[in-house]
Amino acid sequence: MKLFAATAMIVCTLTSTGAFAQSTEVFPAGSRPSAQGPDATFTGSVIVDTLYMNDEHTGNSGHLVNFEPGARSAWHTHPAGQVLIVTSGAGWVQDEGGEKRHIKPGDVVWTPPGVKHWHGATDTTRVSHIAVTNVRDAKAVDWMEKVTDEQYLD
Ligand code: MN
């Protein structure tokens, strides 16, 4: 997850106080830079804000992902599953071989381990979701081919 290397470093620095910390930590909004979703794994304009990274105590990471109209992830699976919490806009999610489904603010989406899927904006509206991604053996996602325009608009 090269994309998140810089932000992960910052989070690690913040938490390194750390391994035996006995108090609640607050990571202020705006303390971590936004990152652009890379072309290899996203289509269109995608901005990713790291909320927190997994560590020895937390088996998942949290990211706020903002998709502009037409933007979407590539096909992918999560070795230990993923929860999406839609926070604004309107988007789509689709499992391989399944129907494209609308997602809207307040919707919670659970993708089980190993299920091939994509998620993103609709062709006319932006969407933002928080992704809580479980990590297994230091891996959160297995990226695959990009979602073609034909697949996306089907
Ligand atoms: Mn996913």
Side-chain angles (χ1 to χ4, degrees), residues 1-68 70-96 98 101-122 126-147:
M1 300 271 285
K2 196 174 181 182
L3 161 66
F4 304 124
T7 49
M9 193 103 94
I10 292 166
V11 175
C12 288
T13 303
L14 288 169
T15 56
S16 65
T17 45
F20 304 100
Q22 295 296 313
S23 59
T24 297
E25 296 176 74
V26 175
F27 307 123
S31 64
R32 292 181 283 263
S34 299
Q36 210 153 16
D39 284 341
T41 50
F42 292 95
T43 299
S45 178
V46 179
I47 301 293
V48 181
D49 291 347
T50 298
L51 304 176
Y52 63 91
M53 291 302 293
N54 60 297
D55 61 14
E56 70 271 34
H57 305 297
T58 306
N60 57 68
S61 62
H63 295 90
L64 174 62
V65 189
N66 304 279
F67 298 87
E68 293 300 308
R72 66 272 189 179
S73 72
W75 289 101
H76 62 283
T77 60
H78 301 288
Q82 181 183 59
V83 174
L84 302 178
I85 302 161
V86 184
T87 55
S88 69
W92 286 327
V93 62
Q94 185 175 26
D95 288 351
E96 185 179 47
R101 285 179 283 179
H102 281 276
I103 52 174
K104 62 183 186 308
D107 287 350
V108 177
V109 179
W110 162 244
T111 300
V115 174
K116 185 175 176 180
H117 69 291
W118 64 268
H119 32 102
T122 75
R126 66 193 305 276
V127 73
S128 298
H129 65 55
I130 291 172
V132 175
T133 310
N134 296 329
V135 179
R136 178 178 294 159
D137 298 330
K139 202 169 203 187
V141 57
D142 286 304
W143 288 111
M144 299 166 184
E145 71 277 12
K146 294 178 85 165
V147 176

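Both backbone and side-chain heavy atoms feed into the values below; hydrogens, waters and symmetry mates do not. Note that the numbering runs from 1 along the sequence shown for the chain.
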Contacts of [X] that satisfy side chain to side chain donor-acceptor pair (under 3.5 Å) - sequence neighbours left out:
{"X": "Ser88", "value": "Ser128"}
{"X": "Lys116", "value": "Glu96, Glu145"}
{"X": "Asn60", "value": "Tyr52"}
{"X": "His129", "value": "His119"}

Mind listing the closest non-hydrogen atom pair of [X] and [Y] along with its distance?
{"X": "Ser31", "Y": "Pro28", "result": "OG-O, 2.7 Å"}
{"X": "Ala131", "Y": "Gln82", "result": "CB-NE2, 3.7 Å"}
{"X": "Pro79", "Y": "Pro113", "result": "O-CB, 3.3 Å"}
{"X": "Ala140", "Y": "Val135", "result": "CB-CG2, 4.2 Å"}

Spacing of [atom1] belonging to [X] relative to [atom2] belonging to [Y], to within rounding of 0.5 Å:
{"X": "Thr77", "Y": "Asp95", "atom1": "OG1", "atom2": "CG", "answer": "11.5 Å"}
{"X": "Met53", "Y": "Thr133", "atom1": "CE", "atom2": "OG1", "answer": "9.0 Å"}
{"X": "Gln94", "Y": "Trp118", "atom1": "CD", "atom2": "CH2", "answer": "6.0 Å"}

Worksheet item: Applying salt bridge (Lys or Arg N to Asp or Glu O under 4.0 Å), which residue pairs with at least one partner in residues 70-90 are found, sequence neighbours left out?
Response: Arg72-Asp149

Worksheet item: Testing Val48, Ile85, Leu51 for side-chain contact (heavy atoms from CB on, under 4.5 Å) with Leu64, which one passes?
Response: Leu51

Item to complete: Carefully, step by step, assess Val83 and Val108 under the rule side chain to side chain contact (heavy atoms under 4.5 Å, CB included).
Response: CA-CA 7 Å; Val83 174; Val108 177; 3.8 Å; yes

Using distance only, find each side-chain donor-acceptor pair of residues 37-46 under 3.5 Å and give its atom names and separation, not counting sequence neighbours.
none

Is the shortest side-chain heavy-atom distance between [X] and [Y] below 4.5 Å?
{"X": "Lys146", "Y": "Trp75", "result": "no"}
{"X": "Thr87", "Y": "Pro105", "result": "no"}
{"X": "Asn134", "Y": "His78", "result": "no"}

Worksheet item: Can you list the residues that meet the side-chain contact (heavy atoms from CB on, under 4.5 Å) rule with Thr111, with sequence neighbours excluded?
Response: Val109, Val115, His117

Item to complete: Could I get the full list of salt bridge (Lys or Arg N to Asp or Glu O under 4.0 Å) partners for Lys104, not counting sequence neighbours?
Response: Asp107

Worksheet entry | Test item: Arg126 side-chain N/O and Ala121 main-chain N/O as donor-acceptor pair under 3.5 Å | no

Practice prompt. Would you kindly say whether Asp49 and Ser34 are connected by a side-chain donor-acceptor distance under 3.5 Å?
Written response: yes

